[in-house]
Number of protein chains: 2
Amino acid sequence: MRARLTASRERIIDAALGVLAEHGYAGCSVAAVAARAGVATGSVYRHFPTKADLFAEVFRTASQREIDAVTRAAAAAEGTAAARIQAVIETFAGRALRSPRLAYALLAEPVDPAVEAQRLVFRRAHATLLAGYIAEGVAGGELPPQNPELTSTAVVGALAEAMVGPLAAGVAGPETIGGLVTVIHRALGVPS
Amino acid sequence: MRARLTASRERIIDAALGVLAEHGYAGCSVAAVAARAGVATGSVYRHFPTKADLFAEVFRTASQREIDAVTRAAAAAEGTAAARIQAVIETFAGRALRSPRLAYALLAEPVDPAVEAQRLVFRRAHATLLAGYIAEGVAGGELPPQNPELTSTAVVGALAEAMVGPLAAGVAGPETIGGLVTVIHRALGVPS
DNA sequence: CCAAGAAATGAATGGTGGTTCAATCCTTGG
DNA sequence: CCAAGGATTGAACCACCATTCATTTCTTGG
């Protein structure tokens with residue numbers, strides 16, 4: 001049945017996500033994913049032409065979930081650029097702190113070049129979202145003139161580094177989020 | 001002769017750096033490095049117990065060079081935190097823009113976990129340097145109170161992302177550096 | 001000039017893990 | 001109930017390097 005096919009495809013993606021979140025990309029052999037999904041190694045290849053294709057999709061799915069959450073939070077915030085950007089930071093960081101292994105995998109862990117491309121899309125999507133709010137803030141006079149592309153890229157880098165950077169263990173706690181909001185608001189020129 | 005040994009060790013490191021800068025870590029098979037160094041594959045193992053050891057040293061060497069340059073530039077700048085940090089940004093970014101492939105390899109490219117550790121040291125060293133100046137600035141009243149560790153980590157992330165991030169091609173031009181200085185100065189609370 | 005030992009060589013080895021495929025098992029339309 | 005077609009299986013295959021080592025080529029102290 002068609003449903004069976006789709007279901008096992010889903011199961012494989014879920015399994016891959018699970019292995020990713022537990023053991024990182026390094027632990028993601030096709031055999032391990034298949035075992036977790038409860039299918040044979042070879043069956044993975046009925047659904048995905050290549051390991052890289054599988055993980056490109058896994059990354060796409062997981063990233064989309066993150067981006068959706070952030071986008072929703074930003075949309076729900078008050079209308080100022082400062083409030084929307086604060087929502088982005090808090091959502092992004094809050095979720096990353098709740099699933100650090102997954103955050104590391106999505107943001108920084110070594111992966112195939114093909115999968116790396118998806119990561120860029122992920123980071124890019126966050127930057128684009130931020131750039132929009134920054135541009136609005138500039139247009140409305142809430143923020144000083146600046147290049148929204150550059151600023152948003154810098155903000156994404158700052159967020160990622162603070163979450164998974166070398167200091168992650170020492171720096172990333174709940175109190176980090178407030179600090180990040182302050183620093184980033186200052187960086188954008190949000191009036192105190 | 002002893003000199004011969006040291007010389008060929010150097011040649012191997014240089015060759016590895018060359019392959020790294022030209023073809024990235026992915027192109028760095030031991031055979032490729034050996035060929036470029038003009039030695040046999042096996043000879044690499046007279047100098048380094050392991051490929052990871054070789055590249056740990058390559059990263060250490062290259063990173064030290066970067067850190068030295070940045071440290072020197074900062075020390076030569078005027079005594080304000082703002083000036084020193086501006087020197088760090090300009091030096092870091094200027095060098096990265098001049099050798100983008102190497103910058104990508106040092107900052108972001110997928111590598112062995114063993115080598116990854118060196119990368120963390122690299123980023124950490126930059127953050128520590130910045131944290132010192134930020135702390136001085138705070139202590140001297142030039143900058144508002146803040147957590148220098150967090151701020152410096154964020155700054156390193158912002159710099160790295162702006163240099164090698166997804167938008168690198170579109171964002172990173174010489175004019176980027178000035179923009180980064182502005183954004184980061186604002187982030188630190190340097191009074192305009 | 002000559003061993004003797006160190007250094008260099010590069011083909012062979014071994015392990016890893018993605019990918020394939022012949023055999024088997026289901027599902028389903030007749 | 002029965003083929004026929006597709007889905008599933010998992011062991012075998014293969015490519016790709018890192019690493020090794022028997023052999024050859026220096027270097028050097030006597």
Side-chain angles (χ1 to χ4, degrees), chain A residues 1-20 22-60 105 109-118, chain B residues 1-20 22-60 105 109-118:
Chain A
M1 215 188 217
R2 197 57 67 84
R4 228 184 193 354
L5 262 201
T6 324
S8 90
R9 189 190 156 89
E10 291 287 298
R11 271 222 315 296
I12 291 168
I13 291 181
D14 280 357
L17 202 52
V19 178
L20 193 64
E22 267 173 37
H23 308 289
Y25 191 75
C28 286
S29 69
V30 173
V33 171
R36 186 179 180 119
V39 301
T41 318
S43 303
V44 171
Y45 287 85
R46 182 154 307 276
H47 300 283
F48 303 93
T50 263
K51 187 195 183 184
D53 286 288
L54 163 58
F55 278 92
E57 174 132 3
V58 169
F59 268 63
R60 215 175 45 64
E109 192 178 20
V111 295
D112 300 13
V115 179
E116 184 80 17
Q118 273 306 315
Chain B
M1 216 191 219
R2 197 55 67 83
R4 228 183 193 355
L5 262 201
T6 323
S8 90
R9 191 190 154 88
E10 293 286 299
R11 270 220 317 295
I12 291 169
I13 292 180
D14 280 358
L17 200 54
V19 179
L20 193 65
E22 268 174 36
H23 309 290
Y25 191 74
C28 285
S29 68
V30 174
V33 170
R36 189 182 177 114
V39 302
T41 318
S43 304
V44 171
Y45 288 84
R46 181 154 306 277
H47 300 283
F48 304 93
T50 262
K51 187 194 184 186
D53 286 288
L54 163 59
F55 278 91
E57 173 132 3
V58 168
F59 268 65
R60 215 176 44 63
E109 191 179 12
V111 295
D112 300 14
V115 178
E116 186 81 17
Q118 272 306 315

Whole angstrom value for the distance that separates C1' of D/dT8 from NE2 of A/H47: 9 Å
Grab the CG-C1' distance between B/D53 and D/dA18 for me, whole Å please. 13 Å
So which nucleotide from C/dT19, D/dT8, D/dT19 ends up closest to the side chain of B/Y45? D/dT19
Can you tell me the distance, in whole Å, between the CZ atom of A/R9 and the P atom of D/dG6? 19 Å
Distance in angstrom units between B/F55 CZ and D/dC17 C1', rounded: 13 Å
How close or far is atom C1' of C/dT9 from atom CD1 of B/I12, stated in whole angstroms? 13 Å
Between A/I12 and A/V33, the two heavy atoms sitting closest are O-CG1, 3.8 Å
What nucleotide among C/dT19, D/dT9, D/dT20 has an atom nearest to a side-chain atom of A/V30? C/dT19
If you check the B/V39 side chain, which of C/dT9, D/dC17, C/dG10 turns out closest? C/dT9
Counting only N and O atoms by type, is there a donor-acceptor contact under 3.5 Å from the side chain of A/S29 to the main-chain atoms of A/A32? yes
Whole-Å gap separating C1' (C/dA7) and CZ (B/R46): 5 Å
Determine yes or no for a side-chain-to-main-chain donor-acceptor pair under 3.5 angstrom, with B/Q118 supplying the side chain and B/F59 the backbone. no
Would you indicate, yes or no, if D/dA18 has its OP1 or OP2 atom less than 4.0 angstrom from a side-chain nitrogen or oxygen of B/T50? no
To the nearest Å, how far apart are A/Y25 OH and C/dG17 P? 12 Å
What is the distance from atom NE2 of B/H47 to atom OG1 of B/T6, rounded to the nearest 0.5 Å? 9.0 Å
Using the closest heavy atom to pick a nucleotide of DNA chain D for each, name whichever of B/K51 or B/S43 lands nearer the 5' end. B/K51
Provide, to the nearest angstrom, the distance between the CZ atom belonging to B/R11 and the C1' atom belonging to C/dA7. 13 Å
